[in-house]
Amino acid sequence: MKLPYPRLSLADALAEFDIWITPSTGEIRDTERFQQELDRVTKVFEVIAKATSDYRDIDHCAPAAIARTVASTVAGKSVAETVEFLESFAAVLFLVTGKSDNNGKCQLPLHLRDSAGWTEFPFVQRGVLSFKPIPRELKAEKYMKVVSDLQHNKAHQEKLLNEFCRYVLSDERYVAQLWSIGKSFVLMRELGREKDLLTPLVVFQVRGSVSASGGHGPEDILRDRLTEWGLERGVDFNTSDVVISPPTKGETRTKTRAYDFVLPYSTPGWTKQVFIQCQFYAGDSGSVSHKNVDQTSTSRVFVTPIHNNARFVEYLDGAGYFSSLNGDLKSLLSMTNTASFFQIRTAPIRLRRELQQIGFLTPLDVEHGILIAGGEVGAVQKHLIREGYTKGEIDRCIRSALSRDVITGNVSSLAIRDDRRVLARRMLILDTICCHGVHPDGPLAGYVFAPGNGRFNGMKMDELIAKVIEIAPCIRLDWDSPTRPLEDLRWLSEMGYTISR
């Protein structure tokens, strides 16, 4: 359905943003990155437990014993497995002692020279053991890669591991910290709660990589939505960042800018495009957010001469924008070339509306045409033309949807696939609220609200059901029991697309 495009004031836009906000996309401990790291850290504590007789006492946490056990653990493993474990081992030692790789990369070479008395550093070149001067900088990643390369030179491998352990566990306090956590790990293991003990450590460890933004979660969520609307990955929308660069002559290197989404991406025949940046802050990431606000303006100045049909839309969400970063939100929405914004929950209305503004048709809207006008191709085309789409765009979308089996039929008749009909019907309900909703003057009870038109735009539940049947009479057959409309409304609510009071 063609969605209305109201021009909201900044105050009304901000009020709507607050209502439809998604505070976070999940806890750090729910991410795949966290689970992977938790498994690795657990394995490291198990290996050290083996070396220390289950952390029997502090004296058993000897660097030499730990080094021998680690070397035997990685024996026979693939290069990838060995490097992964050794890097996790180094990270755990840094974590339990409070030391950091940033300091270690500078201090470890001096330890090798002054405490260990080394004059040269072993490495493997073309499978042959060689030596070179001790590097002036040794990050743990580089150091452990050398340890991995020495798998056929066990004496030198253990020697490097031993000195790394001696550096990190350089006094009794650090050894005591390792022993305390290790001993607790063994005790909790007996109760089956060892991962609960390690969880806070791992959360702290991965926080930087997962960050307050929740990683790429919002971008992945949007790609799932675009797929649901029938768009084709890699054609109608990009699956990785789109790098924008001006035309170049010869080998001249030029500046570039990257956008999270450009829609439509490489759909044949399209020049008008929506350029989207995704900025999700579940917490206070002020310095990053402020920088992004500045970069947004300069990036648009850069892109406009290259793509003069660019329409700039912001994908913004997260509790950070509700609280400490609210000023940045206002700045982004106040930019004169910000066409609009959308959030995770409002994308089905607000982003689809942006695509409609440039005249880009989605298979979902073709399905709505089938629900409203029937399956005859001519009738569907007439309906879509009335909604403002060109004949060429309608033909392109229908051909693409038929070729990919998103919709079924032929040149004269179209049908919605059985497994897509429920989604199409539910999204038509959402569109109906957006198109025919009102802003209640009185109590909000009994209304179903949809985004896109300010604070509270909705319809009474019974009026909504009647309106849907009026728009698309065939849906009466879909609702073959009194509970079916309620199931559809419940799904929309559970997805966060609607709010009921």
Side-chain angles (χ1 to χ4, degrees), residues 1-3 20 22 25 214-244 258-280 307 310-317 339-369 384 389 393-394 396-407 416-417 419-431 434 450-452 491-492 495-497:
M1 294 175 65
K2 190 62 177 290
L3 301 169
W20 297 93
T22 297
T25 55
H216 293 284
E219 296 173 26
D220 294 336
I221 291 170
L222 182 56
R223 290 190 177 97
D224 289 342
R225 297 293 86 81
L226 295 171
T227 302
E228 287 177 355
W229 305 344
L231 302 186
E232 184 177 1
R233 288 176 177 265
V235 177
D236 298 322
F237 66 92
N238 52 291
T239 56
S240 59
D241 289 354
V242 178
V243 177
I244 310 298
Y259 274 79
D260 296 311
F261 292 91
V262 176
L263 307 176
Y265 174 50
S266 61
T267 307
W270 270 93
T271 57
K272 292 182 179 180
Q273 292 175 306
V274 177
F275 284 69
I276 301 169
Q277 289 288 30
C278 174
Q279 299 182 50
F280 187 101
H307 297 273
R311 184 177 180 86
F312 298 107
V313 175
E314 293 295 310
Y315 181 20
L316 306 162
D317 219 335
S340 188
F341 72 94
F342 65 96
Q343 297 158 267
I344 289 175
R345 297 168 61 191
T346 66
I349 292 295
R350 282 186 158 272
L351 179 55
R352 282 178 55 233
R353 192 166 64 186
E354 291 303 315
L355 296 177
Q356 291 178 355
Q357 284 294 300
I358 64 171
F360 183 74
L361 182 61
T362 70
L364 175 62
D365 287 295
V366 174
E367 291 170 328
H368 284 180
L384 293 172
Y389 297 102
E393 173 59 7
I394 296 168
R396 178 206 65 79
C397 186
I398 291 176
R399 283 197 308 271
S400 173
L402 285 171
S403 68
R404 294 181 291 117
D405 198 33
V406 177
I407 58 176
I416 302 172
R417 275 181 11 202
D419 61 330
R420 286 189 55 84
R421 189 174 180 89
V422 174
L423 174 68
R425 182 180 72 237
R426 290 169 173 173
M427 297 304 287
L428 188 138
I429 296 171
L430 181 65
D431 287 6
C434 187
W491 181 86
L492 288 168
M495 290 294 293
Y497 299 157

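Count residues from 1 along the sequence.
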task = Supply the atom-to-atom distance E367 CD to L423 CG, rounded to the nearest 0.5 angstrom.
result = 7.0 Å
request  = Enter the distance from I429:CD1 to M1:CE here, rounded to the nearest 0.5 Å.
outcome  = 11.0 Å
ask   = Between D317 (side chain) and T22 (backbone), is there a donor-acceptor pair under 3.5 Å?
value = yes
ask   = Hey, is the main chain of P264 close enough, under 3.5 Å, to the side chain of Q273 for a donor-acceptor pair?
value = yes
inquiry  = Heavy-atom count check: over 12 atoms from other residues, nucleotides or ligands less than 6.0 Å from K272 NZ?
reply    = no
ask   = Hey, what do you get for OG1 (T267) to CG (D236), rounding to the nearest 0.5 Å?
value = 3.5 Å
request  = Would you give the length of the straight line joining atom CG of L430 to atom OH of Y497, rounded to the nearest 0.5 angstrom?
outcome  = 8.5 Å
Whether Y315 and F342 hold their rings parallel, tilted or perpendicular, with breakpoints at 30° and 60° = parallel
query = Can you name the residues that form a side-chain contact (heavy atoms from CB on, under 4.5 Å) with L402, not counting sequence neighbours?
reply = I398, I407, L414
inquiry  = Checking the side chain of R353 only, and the main-chain atoms of I349 only, is there a donor and an acceptor separated by less than 3.5 Å?
reply    = no
message = Please enumerate all residues that pass side-chain contact (heavy atoms from CB on, under 4.5 Å) together with S340, with sequence neighbours excluded.
response = Y5, R350, E354
task = Just jot down the ring-ring contact (aromatic ring centres under 6.0 Å, His included) partners of W270, sequence neighbours excluded, or say none.
result = F360
